[in-house]
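Here is how names work: the chains are called A, B, and so on, in the same order as the sequence lines, proteins then strands, and each is numbered from 1. This one's a predicted model, so the numbers in the text were calculated from it and none came from an experiment.
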There are 2 protein chains.
Amino acid sequence: MSKKERQQQLLHIIDGNPFVTDRELTRQLKVSIQTIRLDRLELGIPELRERMKQMAEHSYDQVRSLPPDEVVGDIVDLQLDRSGISIFEIREEHVFSRNGIARGHYVFAQANSLAVAVINDEIALTASADIRFVRMVRLGEKCIAKAQVRSLAGRNGKAEVDVFTYVGEELVFQGHFVVYRSAIEEYSEGGNRSADRH
Amino acid sequence: MSKKERQQQLLHIIDGNPFVTDRELTRQLKVSIQTIRLDRLELGIPELRERMKQMAEHSYDQVRSLPPDEVVGDIVDLQLDRSGISIFEIREEHVFSRNGIARGHYVFAQANSLAVAVINDEIALTASADIRFVRMVRLGEKCIAKAQVRSLAGRNGKAEVDVFTYVGEELVFQGHFVVYRSAIEEYSEGGNRSADRH
DNA sequence: CTACATATTAGTACCTGGTTCTAAAATGAT
DNA sequence: ATCATTTTAGAACCAGGTACTAATATGTAG
């Protein structure tokens with residue numbers, strides 16, 4: 001196996017499992033640990049601990065704002081029952097590889113997640129939505145979604161939330177969401193956010 | 001300051017900044033590093049590296065389950081410019097772990113993918129949509145989305161597509177999509193579909 | 001074949017941020 | 001004064017590296 005092949009392999013292994021140590025890599029690639037380390041050096045791959053640190057810091061930046069697993073996009077500001085702001089960067093996995101244009105459902109998912117998150121209720125479910133993709137979004141662009149609660153029917157009623165998503169100053173998406181609260185019997189889209197910031 | 005007070009302080013500091021080393025803690029709490037370590041031992045707080053590792057692993061579990069791949073749902077039948085059918089099974093990664101209810105944007109994504117796929121054009125972009133989540137979808141349910149093209153404006157015009165999604169006989173989602181064809185200047189949602197079932 | 005370059009391996013010293021253990025000193029309570 | 005608790009000190013050791021030097025392999029051109 002050539003050096004280049006091995007380095008490609010190495011990239012692939014670490015990509016597939018960032019928690020691998022150099023010692024484990026020697027076993028998988030059948031070269032000495034020094035070679036592994038030279039390879040990492042050439043490829044600019046930091047050591048295991050640094051990789052874990054970066055992942056931890058990255059997730060912490062997100063976690064400190066809100067529960068990331070339930071939500072697409074990072075919610076950076078949230079006034080329950082009032083308004084909220086979320087940021088979502090369009091990456092490789094969100095676009096059509098052919099032209100680098102974001103798939104609409106990611107843009108929708110960000111807005112939808114935010115609309116559900118901003119409603120202060122144990123269970124919030126999107127009942128319906130009226131949406132418009134104003135302009136296409138490209139790879140690398142940062143979508144900033146701003147939600148405003150327009151009306152709040154009492155408990156077990158429906159709330160209306162408007163979401164506008166911008167890239168810079170430009171409006172790229174707008175949506176009007178009707179969100180049911182505690183209406184478990186019907187309508188999809190659950191939501192457990194109940195202000196559980198970390 | 002009593003031992004208990006100090007340990008409360010220590011908890012608070014680490015909670016506020018999990019990336020703090022024992023050495024930094026000695027500075028803040030004005031006790032020796034051994035005391036810090038005894039405190040961590042008593043409180044069951046792991047060392048810095050272990051804390052970072054846990055955060056990294058936690059975020060990695062989430063990241064790997066978040067964005068699946070290209071088109072959502074398997075397109076099993078497609079008559080371009082006419083109709084199409086796609087099947088999508090709701091799995092673990094598509095639901096809120098708390099209650100097993102599908103996240104709305106996956107149901108939307110299936111319908112959206114299908115609406116875009118059914119339009120026979122190099123570039124198809126969702127311009128707007130009017131959608132309704134009729135009933136929630138649960139873990140394990142198979143969503144069958146059926147798309148019907150309602151109107152087809154000439155090239156560079158807009159097409160209208162209705163999508164109805166069923167679980168068994170039950171309607172769970174309906175959507176009316178306006179899809180632009182070759183209208184690259186405006187509107188989001190690209191379309192590389194050419195029946196690219198994964 | 002020789003000479004040279006590149007690639008690989010080996011080995012040592014050193015680093016951070018700890019753990020584990022032993023033991024001495026300080027502090028407090030009775 | 002005595003005893004228990006708390007705190008501090010110090011040394012040995014560990015993982016998973018970095019940084020550096022140096023020897024050995026391997027390939028390649030003349």
*Asks:* Rounded to the Å, how far apart are K3(B) NZ and dG28(C) C1'?
*Replies:*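 From K3(B) NZ to dG28(C) C1': 13 Å.
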*Asks:* Write down the distance between CD1 (I45(A)) and C1' (dG17(D)), rounded to a whole number of angstrom.
*Replies:*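 Distance, rounded to whole Å: 15 Å.
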*Asks:* Just how far, in rounded Å, is P of dG17(D) from CD1 of I36(A)?
*Replies:*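 One finds 11 Å between P of dG17(D) and CD1 of I36(A), rounded.
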*Asks:* Between T35(A) and dT9(C), is there a side-chain N or O to OP1/OP2 distance below 4.0 Å?
*Replies:*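 For T35(A), the contact criterion (side-chain N or O under 4.0 Å from OP1 or OP2 of dT9(C)) is met.
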*Asks:* For the side chain of L48(B), counting heavy atoms from C-beta on, which of dG18(C), dT9(C), dT7(D) is nearest?
*Replies:*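 Of dG18(C), dT9(C), dT7(D), dG18(C) is nearest to the side chain of L48(B).
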*Asks:* F177(B) versus N112(B): any side-chain heavy-atom pair under 4.5 Å?
*Replies:*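 Contact flag for F177(B)/N112(B) side chains = yes.
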*Asks:* L41(B) CG to dG17(C) P: how many Å, rounded?
*Replies:*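 Taking CG of L41(B) and P of dG17(C), I get 20 Å after rounding.
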*Asks:* Return the value, rounded to whole Å, for the distance between atom NZ of K53(B) and atom P of dA15(D).
*Replies:*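 These atoms are roughly 13 Å apart.
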*Asks:* Measuring to OP1 and OP2 of dT7(D), would you say a side-chain N or O of R37(B) lies under 4.0 angstrom away?
*Replies:*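 No, R37(B) has no side-chain N/O under 4.0 Å of OP1/OP2 on dT7(D).
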*Asks:* Considering only heavy atoms and no angle criterion, is a donor-acceptor pair shorter than 3.5 Å present between the side chain of R23(A) and the base of dA15(D)?
*Replies:*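 Donor-acceptor pair under 3.5 Å: no.
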*Asks:* Picking from dT7(D), dT19(C), dT8(C), which would you name as closest to the side chain of L38(B)?
*Replies:*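 My answer, after comparing the listed nucleotides, is dT7(D).
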*Asks:* Categorize Q34(A) for me: base, sugar-phosphate, or nothing, with a 4.0 angstrom heavy-atom threshold over every strand shown.
*Replies:*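 Q34(A): base contact, heavy atoms under 4.0 Å.
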*Asks:* Counting only side-chain heavy atoms from C-beta out, which of dT7(D), dT9(C), dG17(D) sits nearest to S32(A)?
*Replies:*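 Taking heavy atoms from C-beta onward, the closest nucleotide is dT9(C).
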*Asks:* In whole Å, what is the span from the CD1 atom of I33(B) to the P atom of dA11(D)?
*Replies:*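 Taking atom P of dA11(D) as the reference, CD1 of I33(B) is at 15 Å.
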*Asks:* So do S113(A) and H105(B) actually touch side chain to side chain, heavy atoms under 4.5 Å?
*Replies:*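 Heavy-atom side-chain distance check passes, below 4.5 Å.
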*Asks:* Between P on dG17(D) and CE on M52(A), what's the gap in Å once rounded to a whole number?
*Replies:*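 It is 9 Å, rounded to the nearest whole Å.
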*Asks:* Looking for any heavy atom pair under 4.0 Å, which part of the strands does R51(A) touch: base, sugar-phosphate only, or nothing?
*Replies:*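 No contact.
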*Asks:* Between dT7(D), dT9(C), dG17(C), spot the one nearest the side chain of E47(B), thanks.
*Replies:*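 Out of dT7(D), dT9(C), dG17(C), the nucleotide with an atom closest to E47(B)'s side chain is dG17(C).
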*Asks:* With side chains defined as the heavy atoms from C-beta onward, is the minimum distance between K146(A) and V163(A) less than 4.5 Å?
*Replies:*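 No. Closest side-chain heavy atoms not under 4.5 Å.
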*Asks:* Between V20(A) and E42(B), who's closer to the 5' end of DNA chain D by nearest nucleotide?
*Replies:*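 Nearer the 5' end of the strand: E42(B).
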*Asks:* What is the separation between atom NZ on K30(B) and atom C1' on dT7(D), rounded to the nearest whole Å?
*Replies:*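 Result: 17 Å.
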*Asks:* State whether the distance check finds a donor on one side and an acceptor on the other, under 3.5 Å, for side chain R49(A) versus base dG17(D).
*Replies:*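 For R49(A), whose side chain was compared with the base of dG17(D), there is no donor-acceptor pair (under 3.5 Å).
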*Asks:* Is it true that the side chains of Q110(B) and S86(B) contain a donor and an acceptor less than 3.5 Å apart?
*Replies:*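 Indeed, the side chains of Q110(B) and S86(B) share at least one donor-acceptor pair under 3.5 Å.
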*Asks:* Hey, are the side chains of D39(A) and L41(A) touching, using non-hydrogen atoms and a 4.5 Å cut-off?
*Replies:*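 Of all side-chain heavy-atom pairs linking L41(A) with D39(A), none is under 4.5 Å.
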